[in-house]
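Have a look at the structure below, then the notes.
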Amino acid sequence: MGAAVRVLTVDDQELVRTALRAMLRRTEVEVVGEAADGERAVEAAFALRPDVILMDVRMPGMTGVEATRRILDGWPHPGPRPRVLMLTTFDLDEYVHAALRAGASGFLLKNTTPQALLEAIGVVAAGEAMLAPTVTRRLIRAFSDLPPPLLPGAACPAPVPGAGTGADGPLGALTAREREVARLVAQGLSNARIGAALGLAQPAVKSTVNRILTRLGLENRVQIAVLVLTAEPEDTADAEGTAGAEGTAGA
């Protein structure tokens, strides 16, 4: 990951916070602080300015979802906001959906391995998002019944010259190349793997992803995945098994 990534851990259970601290102690990650509830998480985030926040979903008082929203919407400092990884068991999907709307960059199971945790922190610290294809599938079942725009801020602008087929759908504003990249993002592929699949350099992939976000009015790659899987569920169904076999993927 290069320079040390500064991490704030948030969980109401001291045992979980201790375990996270122990897991990260011998890595290049620096745990700069801990918080036991949402209110303290907001205060600690503003004071410590971490790069990544590991945020529990359900806590007494202010939930991790609300804390995430307050941190990202009310960030008082210049420069980038912290990236938030939600810690969850995925037993209550509505919290996951709310976290996505609040701007979370990804989701981790609390029983994740140390290596997967470290990789996830590195991925979101680099400005990307964690996509577990099986989790994305669960998200899409809830979003599939929503009318356009499918996500907050997800406008469906008019088709642009060069847009691919199906220009009347939510992906109609994208060019053919942008659609290809969006579909691979929805499969949970990293920029490196997308570049290898399409014969593109990583900077070109990153630039394309940024254009997709701008055109569709989205905030992160998780939202790209949800939008693609809503618009074209059949096109990504077969790919889910392949990506999912590799475990949680960094996109």
Side-chain angles (χ1 to χ4, degrees), residues 7-12 16 33-77 79-110 112 120-121 123-132 135-155 185-186 213-214 216-230 248 250-251:
V7 172
L8 170 68
T9 63
V10 182
D11 198 288
D12 62 312
V16 173
E34 300 177 4
D37 58 52
E39 290 186 5
R40 290 189 180 94
V42 175
E43 295 173 358
F46 288 170
L48 299 173
R49 303 174 68 171
D51 300 311
V52 175
I53 302 173
L54 299 179
M55 180 79 75
D56 189 17
V57 174
R58 289 180 290 169
M59 294 178 288
M62 186 187 298
T63 67
V65 173
E66 179 60 23
T68 296
R69 182 178 296 108
R70 294 194 185 189
I71 291 169
L72 299 182
D73 289 348
W75 190 242
H77 305 294
R81 301 174 296 176
R83 311 283 290 184
V84 180
L85 274 172
M86 306 303 296
L87 297 173
T88 179
T89 56
F90 289 111
D91 56 336
L92 290 177
D93 282 341
E94 60 266 28
Y95 287 136
V96 178
H97 306 150
L100 177 62
R101 293 186 178 97
S105 297
F107 309 93
L108 285 179
L109 295 176
K110 283 191 174 181
T112 191
I121 291 172
V123 166
V124 299
E128 300 184 6
M130 286 302 301
L131 291 179
V135 172
T136 306
R137 272 292 166 199
R138 295 186 66 184
L139 287 172
I140 202 58
R141 286 200 292 268
F143 282 109
S144 61
D145 295 330
L146 297 178
L150 300 175
L151 294 168
V185 167
L213 293 172
T214 299
L216 299 182
L218 303 176
E219 293 186 1
N220 56 51
R221 294 164 68 107
V222 178
Q223 292 184 348
I224 292 177
V226 171
L227 191 62
V228 171
L229 290 169
T230 301
T248 302

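FYI, side chains are in, hydrogens and waters are out, and symmetry mates aren't considered; it's all heavy atoms of this structure. By convention here, the first residue in the shown sequence is residue 1. Note that the coordinates shown come from a computational prediction; the quantities given were computed from them, not determined experimentally.
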How close do D73 and R81 get, counting heavy atoms only, and between which atoms? N-NH1, 4.3 Å
Could you check whether atom CD of E66 has more than 12 heavy atoms from other residues, nucleotides or ligands sitting under 6.0 Å from it? yes
Any idea which heavy atoms bring A104 and T68 closest together, and the distance? N-CG2, 4.3 Å
Give, for atom OG of S105 and atom CE of M55, the distance between the pair rounded to the nearest 0.5 Å. 11.5 Å
Are R58 and D12 within salt-bridge range, i.e. N to O under 4.0 Å? no
For a quick test of reading the model, state the closest non-hydrogen atom pair linking L8 to A41 and the distance between them. CD2-O, 3.9 Å
Measure across L72 and G103 and return the closest heavy-atom pair with its distance rounded to 0.1 Å. CD1-O, 3.5 Å
Can you spot which of V124, I71, V7 makes a side chain to side chain contact (heavy atoms under 4.5 Å, CB included) with P82? I71
Atom pair CE (M62) and CZ (R70), whose distance is rounded to the nearest 0.5 Å: 3.5 Å
Look up atom CG in L227 and atom CG in L213, then write down how far apart they are to the nearest 0.5 Å. 10.5 Å
Value for CD1 (I53) from CZ (R83), rounded to nearest 0.5 Å, stands at 11.5 Å
So do K110 and D56 actually touch side chain to side chain, heavy atoms under 4.5 Å? yes
Knowing that exactly one of V10, I121, D11 qualifies, which makes a side chain to side chain contact (heavy atoms under 4.5 Å, CB included) with L54? I121
Write down the atom of D37, the atom of M59, and the distance for their closest heavy-atom approach. CA-SD, 3.8 Å
Closest non-hydrogen atom pair, F107 against L85: N-CD2, 4.1 Å
Do any pairs count as a salt bridge (Lys or Arg N to Asp or Glu O under 4.0 Å) and have a residue in residues 42-55, sequence neighbours left out, and if so which ones? none
